[in-house]
Amino acid sequence: MSFGSIATWRMAHDGIVESLNSLEKGGTAGDAVESTIKVVEAYPYYKSVGYGGLPNIEGILQMDAAFMCGDTFKIGAVAGIEDVMHPISVARQLSHDKFNSFLVGEGATKYAMLNGFERRNMLTERAKKMWENRLAEMAEHNLSPYDGHDTIGVVSLDSHGSMSAGTSSSGLFMKKPGRVGDSPLSGSGFYVDSDVGGAAATGLGEDLMKGILSYEIVRKMEEGLSPQEACDQTVYPFHDKLTKRYGKAGAFSLVAMNNKGEWGVATNVEFTFSVGNDSEEAAIFIANMGENHTTVIEPITQEWLDAYEKRIKAPIK
Ligand code: ASP
């Protein structure tokens, strides 16, 4: 049987490598999704997910996460959770509950506390400094506050034929308190059906939610499209629709894998992702929107990786 994992952004790569090792030994898709996301949530230099993530306008880090099992369609999600090390694990535990499986704000944080999830002040000094700098820049230059976001979204297939999907994000930098993005919303941020495949999203949540793109990609795969065809034929027509109505579409990128381990991506912005399966070793690629609703996918270069490493660790003044 095939197995595989695909995830948004370069930051997912180390987790993807680890998860493929365990999938090869018979590990489950659910564990692969959770463990991949936990690596990113714990790494302080990734400023858009978990520990080290950038806070909202009030300097408070509020996180969104979701988990879905493609065998049962069970979903667990949290939004605006605070001071919890692994929102994805809370979401996964909630997915087992028949009721109350999507909790927000204080309710989500309290649930995590009562159920023994690791607590931590998730706002690093580095993220706090970035927030202070951005406040000052916004006052001076009337800047749009909302850049500096990226969600980890993962889809995994295990050798037993089960699939899972998950997301975790600190959402938009400088968001309003209580703002929720697409990441914890079923169909928008993620969707998975073990009989078909799964998809996950990153990008401007307010625009992603308008299109329910993750669900739409899975639906198209069910109709027989390959993951790449499904991504291209979902993401670019929707990008065109938004452009027609608003003059401009927010940045967004989707990844997908079907239940054979075949994968696809589509994006309207430069986008990195990590993917591997039983026949392809885990690798990082860079994708861009091509002509006529296609995606140009290239292997990442060492030069790009070095520049990235330098950028995420650059001292903050
Ligand atoms: N989708 C996330 C949100 O809108 C942010 C991102 O993935 O860049 O909250």
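In listed order, ligands and their atoms are each counted from 1.
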(message) Evaluate Ala201 for polar contact with ligand 1, using N/O atom pairs at a separation under 3.5 Å.
(response) no

(message) Could you identify the single nearest non-hydrogen protein atom to atom 8 (O) of ligand 1 and state the distance to 0.1 Å?
(response) His149 ND1, 2.4 Å

(message) Are more than 12 heavy atoms, taken from residues, nucleotides or ligands other than Tyr246, located less than 6.0 Å from that residue's OH atom?
(response) no

(message) How long is the straight-line distance from NE2 of His86 back to CZ of Arg92, given to the nearest 0.5 Å?
(response) 13.5 Å

(message) For atom 3 (C) of ligand 1, which of the options Glu206, Arg179, Met209 provides the nearest non-hydrogen atom?
(response) Arg179

(request) Would you check whether Thr202 has a nitrogen or oxygen atom less than 3.5 angstrom from a nitrogen or oxygen atom of ligand 1? (result) yes

(request) Give the numbers and elements of all ligand 1 atoms closer than 4.0 Å to a heavy atom of Asp182. (result) 1 (N), 2 (C), 3 (C), 4 (O)

(message) I'd like to check which ligand 1 atoms, numbered from 1 as shown, lie under 4.0 Å from a non-hydrogen atom of Thr151.
(response) 1 (N), 2 (C), 5 (C), 6 (C), 7 (O), 8 (O)

(request) Mind checking the CE-CZ spacing from Met174 to Arg134? Nearest 0.5 Å is all I need. (result) 6.5 Å

(request) Can you pull out the closest protein heavy atom to atom 5 (C) of ligand 1? Residue, atom name and distance to 0.1 Å, please. (result) Gly203 O, 3.2 Å

(message) If you measure every N or O of Asp150 against every N or O of ligand 1, does any of those distances drop under 3.5 Å?
(response) yes

(message) Under 6.0 Å from the ring centre and within 45 degrees of the ring axis: does the NZ or CZ of Arg120 meet both conditions for the six-membered ring of Tyr51?
(response) yes

(request) Using distance alone, with no hydrogens and no angle criterion, decide if Thr234 and Glu216 have a side-chain donor and acceptor under 3.5 Å apart. (result) no

(request) Flag Gly205 as yes when one of its N or O atoms lies below 3.5 Å from any N or O atom of ligand 1, and as no otherwise. (result) yes

(message) To the nearest 0.5 Å, what is the distance between NE2 on His293 and CG on Asp232?
(response) 9.0 Å

(request) Of all the heavy-atom pairs spanning Thr151 and Ser183, show the shortest one and how long it is. (result) OG1-OG, 3.2 Å

(request) Specify side chain, backbone, both or neither for Ser183, according to which of its non-hydrogen atoms lie closer than 4.0 Å to ligand 1. (result) side chain

